[in-house]
Amino acid sequence: MSKPENSIIKSVVLSLFNDDGPTPIIYWPETMDESSRLLIAMKTISLLMGDTVYQNGTSTEDVNYFGILPFPDLKLNGLTYFFLILDPSARGNAKAATITVLIDEDDRVFFYENMKYLRVIIDSAASKVQIAKTSEENKTIMGELKDELFEFTSEIKDPFSLFRQIKILMTGLDRAGKTSFLHAVKKQYSEIIKTLPTKGVARSEEKIFEEQNSTISVWDLGGQKTYREKFLEQRKVYLYNVDLLFFFIDIQDFARINESVELFTKVVESLEELEEYPPIVICLNKCDPDIKNTDDIRSNINKIIEQVNEISEPFFIKIFETSIFDGFSLISAYSYGLSQLSPNRKLFENQLKHFAKKINSDAILLLNENGIILSNFSESGISEKVFEISAPHFQTLYKTFKEFKLLKQDFLISSGITDESKKIIFKRIFVEKYNLYLLLFMEKDLNLDKIEKNLPKLSKNLKDLIQTYI
Ligand SMILES: Nc1nc2c(ncn2[C@@H]2O[C@H](COP(=O)(O)OP(=O)(O)OP(=O)(O)O)[C@@H](O)[C@H]2O)c(=O)[nH]1
Ligand SMILES: [Mg+2]
């Protein structure tokens, strides 16, 4: 085992919300100064305390998620697990708790690359803390966790690059619509018409934020027979370290459904062989609005879904019906895939949920400059769809109004959505150097002051989470 002083792991802290507020109850190293450990307890617990689930919670099952947080003052990054400890005497019958593992911010890639394993051991320590009776027991549990972390990191030799390298693959038969999809989500409409079959592989870069600590490479694989054979032959090169995989099926091409499912089977088998388990997003593509509800298409889709689910059993998959003539369907599928790359997606959702409760909003969407949905929250499922579909239009309207200097204030309000009291508000928010957009659906009374009052807190929390979003 490597000596603790050489380890990547710089600190481990168990924090609780008790009578004194956020308190670091067990921490390593024991020489850690008081202000540092207090900072860690305050920051992690306060993010959790905003959680509405916690406030109405009756079970500890409702809260258990991870996030990566920056601690710039300490030059550290923390991987935090948020959970609850049942306590009948506490508000909401539970105490908020966090376990945070800290490393140098320069080593940040370590967390992203080892999330899977780290989650397992931290989660297991947290389960023990949930039933521990005494502080001594907690001390033992945290000591064991620390030893496990050292053991794990002792095998790691390479210094980490500062940039996380993310690889996204676009796969599927030729003519399934992969290249067109990418052009359309990037709003390169004029390119769509000109699209030719992809030869070999076309690589491009994705940016979720103007400045980000990751490089996201999108590999658009040519689907013609010779190219896909080469891809399968050299699967080690293509599938190695893949972080996210899109698979496209042309649902209008009835004759090639079997061929398509066959290719999917081979891709899945190759992934298993290489022990790569990326999230998979399946696009049932060419689901054009005018034909998507015909009997033929529906029965075809049902058949495909059944087969695909069976084949991809050990994988986490999500299926979307997409069409180049329904821009939002593309954005939904693409955004969903990208969000899978972020360990902070759950934290984002919780921030939105908490903000929604404060300002009495029924649904919130958070978009980046390019209209990618970073996070969403919705109370009423019915409004969700209408609301989401309107998002791109609001963004276009906003930008157009802005360009022609037609905006007096920095937001748009649309009233009279189904009835007079329901409104949609579209607002640009600045989160440090990032331009983000919020779309709010308000069923009840609109109180702009309340929104303005609560925005700074939301921006502040998001600012932290964005730095480690990806
Ligand atoms: N009707 C319809 N046609 C589409 C859609 N998406 C793409 N297409 C058309 O399908 C054809 C093939 O699209 P591509 O984007 O080149 O397909 P690809 O999957 O990249 O093909 P390869 O590069 O050969 O693997 C083009 O003529 C597109 O215009 C869609 O959603 N609906
Ligand atoms: Mg192509």
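Both counts, for ligands and for their atoms, begin at 1 and track the order of listing. One is the number of the first residue; the rest follow in order along the sequence.
Counting only heavy atoms of the protein, atom 17 (O) of ligand 1 lies nearest to Gly177 N, 3.1 Å. Annotation: atom 31 (O) of ligand 1 to nearest protein heavy atom, Ile324 N, 2.8 Å. Here the protein heavy atom with the shortest distance to atom 20 (O) of ligand 1 is Thr179 OG1, 2.8 Å. Ranking protein heavy atoms by distance to atom 8 (N) of ligand 1, first place goes to Lys286 CE, 3.6 Å.
Here Thr198 meets the criterion, with an N, O or S atom under 2.8 Å of the Mg ion (ligand 2). The Mg ion (ligand 2) has no N, O or S atom of Thr195 inside 2.8 Å of it.
With 3.5 Å as the limit, one finds a donor-acceptor pair spanning the side chains of Gln351 and Asn461. Between the side chains of Thr98 and Thr44, a donor-acceptor pair is found at a separation under 3.5 Å. No side-chain N or O of Gln165 forms a donor-acceptor pair with one of Asp243 less than 3.5 Å apart. With 3.5 Å as the limit, one finds no donor-acceptor pair spanning the side chains of His183 and Glu191. Neither side chain, Ser323 nor Ser329, offers a donor N or O lying under 3.5 Å from an acceptor on the other. Inspection of the Thr179 and Thr198 side chains reveals an N or O donor paired with an N or O acceptor under 3.5 Å.
Put simply, the side chain of Phe66 reaches to within 4.5 Å of the side chain of Leu79, judged on heavy atoms.
Residue contacts with ligand 1, taken as heavy atom pairs separated by less than 4.0 Å, do not involve Tyr227 at all. Both the backbone and the side chain of Asp174 come within 4.0 Å of ligand 1, judged by heavy-atom distances. Here Asp288 has side-chain heavy atoms under 4.0 Å from ligand 1, and that is the only part of it that gets that close.
Relative to the six-membered ring of Tyr437, Lys427 misses at least one condition, a distance below 6.0 Å or an angle of at most 45° to the axis. For Lys318 and Tyr336, the positive end sits near the middle of the six-membered ring, less than 6.0 Å away and at most 45° from its axis.
On a distance-only criterion, Ala176 and ligand 1 share at least one N/O pair closer than 3.5 Å. The shortest N or O to N or O distance between Leu196 and ligand 1 is not below 3.5 Å. Residue-to-ligand polar distances keep Cys287 apart from ligand 1: every N/O pair is separated by 3.5 Å or more. No N or O atom of Thr195 sits closer than 3.5 Å to an N or O atom of ligand 1. Geometrically, ligand 1 and Asp220 share no nitrogen or oxygen pair separated by less than 3.5 Å. At least one N/O-N/O distance between Arg175 and ligand 1 falls below 3.5 Å.
Annotation: Phe377 is not in aromatic contact with Phe355 [ring centroid separation under 6.0 Å not met].
Short contacts between ligand 1 and Phe325, defined as distances under 4.0 Å to a heavy atom of the residue, involve ligand atoms 1 (N), 2 (C), 32 (N). Interface atoms of ligand 1 facing Gly222, defined by a heavy-atom separation under 4.0 Å, are 25 (O). Atoms of ligand 1 found under 4.0 Å from any heavy atom of Pro197 (numbered from 1 in listed order, with element): 23 (O), 24 (O).
Arg256 and Asp253 are joined by a salt bridge, as a carboxylate oxygen and a charged side-chain nitrogen come within less than 4.0 angstrom of each other. Of the charged side-chain nitrogens involved, none lies within less than 4.0 Å of a carboxylate oxygen, so that Glu306 and Lys303 do not count as a salt-bridged pair.
With atom 22 (P) of ligand 1 as the reference point, the heavy atom nearest to it among Gly223, Ser329, Ser180 is part of Gly223.
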